[in-house]
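Computed from a predicted structure; not experimentally measured. Whatever order the structure lists ligands and atoms in, that order sets their numbers, starting from 1.
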Amino acid sequence: MEIDKAIGESDDKRLKTKYNNAIFVIKRALSLYSIEEVTFSFNGGKDSTVLLHLLRAGYFLHKKELSSSNGGLSSFPVRTIYFESPSAFTEINAFTYDAAQTYGIQLDIIRQDFKSGLEALLKANPIRAIFLGVRIGDPTAVGQEQFSPSSPGWPPFMRVNPILDWSYRDVWAFLLTCKVKYCSLYDQGYTSIGSIHDTVPNALLSVNDTSSKEKFKPAYLLSDGRLERAGRVKKNAALKNDVGSDSQNHEVLLASVIAVGDEILSGTVEDQLGLSLCKKLTSVGWSVQQTSVLRNDIDSVSEEVDRQRSICDMVFIYGGVGPLHSDVTLAGVAKAFGVRLAPDEEFEEYLRHLISEQCTGDRNEMAQLPEGITELLHHEKLSVPLIKCRNVIVLAATNTEELEKEWECLTELTKLGGSTSLMESKRLMTSLTDVEVAEPLSKLGLEFPDIYLGCYRKSRRGPIIICLKGKDNARIDSAVQALCKKFKEGVFVDMK
Ligand SMILES: Cc1cc2nc3c(=O)[nH]c(=O)nc-3n(C[C@H](O)[C@H](O)[C@H](O)COP(=O)(O)O)c2cc1C
Ligand SMILES: Nc1ncnc2c1ncn2[C@@H]1O[C@H](COP(=O)(O)OP(=O)(O)OP(=O)(O)O)[C@@H](O)[C@H]1O
Ligand SMILES: [Mg+2]
C-alpha cells in the first residue's frame, strides 16, 4: 500500500508517530463498527485529503490483519459524503470529484445543511460513526476527543477524528511525503478553505512583486501553522467578531479586568497593571465594567472568568501566568470554557527558543494552553505571542513597561480601538459642597440620559471633580451649559 510504504520509508519520526496513532484510531473504528456503519465526511480540503489517504491505508491494514491477505487496494468501500454548497470554490468541487474518481470512491452528494443532511442520511442508512478531518485549533474542535459523540441536538453518531492532534506542519509533511494530489488552491496561497465569501489567500504568503497582480507562495511554505486561518477574512477581521454570540448589541464595548495574585491581596505587591489597563481601555473607547483581584486558585479564576466573559465583550486577565505551582490562570481559563489544558507544540517551540538553557524535562509546563479555544497573537516585537482564548486575553506582563509593549502589539493585531467609537469627555472642578451639587447633578442626569456623569474628589475637603462622558461633544457642551445655568457664574473650572 503506497501510503504505508511512503511513511515507512520516511525518516520523519514525528510524522511516523502521528501516522501510527491515526491508523490506530481508524483501525479501532473499523473494528467497532461494520463497514456499512461508517462514513467519511470528505470536502476536498487539505485535512480531509490527509484523512482520505489515512482511511485508505487504515482500511487496507485492517483488512490485511483480518484476512492476512496482501492484495492491493482497488476500491474504497467506506461510504463517503460531501456537502456541496453553491458557495464552495470551483477548485474544491473539482478536486473532490476528481479524487473520488481516482480512488474509486462512490461519493454521496448532499445539498442540505449539515444537520438536516445528516438527519436524512441516518434515517436512510445504518450509520453509527463518521470520520472527520477536524484538528485541534479548528474552532469546531473545542472539547472533542478522537472519539466524540455528536453534540446534543444533532442526530446520534460517533464523530471519529483520527487527525485531531495533527498540526498544520504534520498535515503538509504527510501530503508532501506521500506525494499525493491536493486541491490547487493550496498552491495559490490558500491555507485553510471555507466558502468563497470568507476565504482569501493568506497574506503571510504574499510575494512582493512588481506586476499588478498579487502573488502568493504555496500553503506548505507557511512557517507558522498557527496562522493558517489568517485567510479566513470575516472571522478574523476584527476583535469585535470574537465577542460571544450572547453578548449584547451595545455600541460601547465592555471590558473586564482581572488580576490574579495572592501577593496583591496580602498587600505585598502593588497592582499597577490594573490601573494602566483601565486607562488604556478607556482611552480607546472601551467601558471597563469591573476590575477584580483573585487568589491564585483555579476555581476562583474559572468562576470569575466564566461570569465576566458572558457579561463583557472582552476580559483581560494577568498574573499567575508561568510555570510555577501558583500559576493557575490558564488552567482557570480552560476550566471556565470547559476545555482541558493541552500541550501546544508550537507555543512550546517559542518558549524553548526563549529559555532553551533552562528548559528541563520533556514537557514545558508553560506550553500547556486551553485546548481548541486558544489563538496565539504574534507580533514581531514580542518574543512570545499573546494568548487569546475566545474573548479572554491572557497578558503575560508583570510590570507596566511590559504591559505597554503588549498593549501596543495587541492594539495593532486586533484593532482593539478601531471597532469602537471613541467617547468624548470633559472634566469640571468646583469648590461647591456635595450637598450643593447633589440634587442639580441628579436632575442633569435625567435631562441628559445619554451623558455619563461621574464625580470624585481628591480629598474630603478639597474640590469636587465632575466628569461628563458621551459620544458627542456637542451634547456634552449642552450638558455643561445646563449645569452651569443652575449656579452662579464661574463656580465651575474647565479642567480640559
Ligand atoms: C459530518 C459532520 C458532523 C458534524 N457533527 C457536528 C456535531 O455533532 N456538533 C456540532 O456542533 N457540529 C457538527 N458539525 C458541524 C461542524 O462542527 C461545523 O459547524 C461545520 O463544519 C461548519 O464549519 P464552517 O462554518 O466553518 O463551514 C458536523 C459537521 C459535519 C460535516
Ligand atoms: N462540505 C463538507 N462536506 C463534507 N465534510 C465536510 C465539509 N466541510 C467540512 N467537512 C468535514 O469537516 C472537516 C474539517 O473541515 P475544515 O474546513 O476544518 O478542514 P479541511 O476543509 O479538510 O481543510 P482546510 O482547513 O484547509 O479547509 C473536514 O476535513 C471534513 O471532514
Ligand atoms: Mg475547509
Verdict with reasoning, W172 to Y186, per ring pair (Phe, Tyr, Trp, His ring centres under 6.0 Å): CA-CA 10 Å; W172 283 110; Y186 293 110; 5.7 Å; yes
- request: Answer yes or no: does atom CD of Q106 have more than 12 heavy-atom neighbours from other residues, nucleotides or ligands under 6.0 Å?
  value: no
What do we get for [X] next to ligand 1 when only non-hydrogen atoms under 4.0 Å count, side chain, backbone, both or neither?
X    : result
V134 : neither
R159 : side chain
I81  : neither

- request: Please examine the side chains of L61 and M1, heavy atoms only from C-beta on, and report whether any two atoms are closer than 4.5 Å.
  value: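 Sidechains of L61 and M1: no contact.
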message: Do T329 and V305 make a side-chain contact, defined as non-hydrogen atoms from C-beta onward lying under 4.5 Å apart?
response: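 No, their side chains stay 4.5 Å or more apart.
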Just jot down the ligand 1 atoms closer than 4.0 angstrom to any heavy atom of [X], in number order.
X    : value
F157 : 3 (C), 5 (N)
I130 : 1 (C)
T140 : 16 (C), 17 (O), 18 (C), 19 (O)
S41  : 1 (C), 31 (C)
S150 : 8 (O)

field: Cation-pi geometry met for R28 and F147 (6.0 Å, 45°)
entry: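 No cation-pi geometry.
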message: Just to be sure I understand the cut-off, which residues have at least one non-hydrogen atom under 4.0 angstrom from an atom of ligand 2?
response: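 Ligand 2 pocket, heavy atoms under 4.0 Å: S41, F42, N43, G45, K46, D47, S48, I81, Y82, F83, F114, L132, G133, D138, Y186, T191, S192, I193, E228, R232.
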query: Would you call E304 and R307 a salt bridge, using N to O less than 4.0 angstrom?
result: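 Result for this pair is yes, salt bridge flagged.
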- prompt: Would you say I193 has an N, O or S atom lying under 2.8 Å from the Mg ion (ligand 3)?
  reply: yes
message: Assess, by modelled atom type and distance only, whether the side chains of E214 and S206 contain a donor and an acceptor separated by less than 3.5 Å.
response: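 Looking only at side-chain atoms, S206 and E214 do form a donor-acceptor pair, the distance falling under 3.5 Å.
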- prompt: Do Y19 and D170 have side-chain atoms, one donor and one acceptor, less than 3.5 Å apart?
  reply: no
- prompt: Between L277, I387, I317, which is the residue that forms a side-chain contact (heavy atoms from CB on, under 4.5 Å) with L395?
  reply: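 Looking at L277, I387, I317, the match for L395 under the side-chain contact (heavy atoms from CB on, under 4.5 Å) is L277.
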message: Test your reading of the model: is there a side-chain donor-acceptor pair from K16 to the backbone of G8, 3.5 Å cut-off?
response: yes
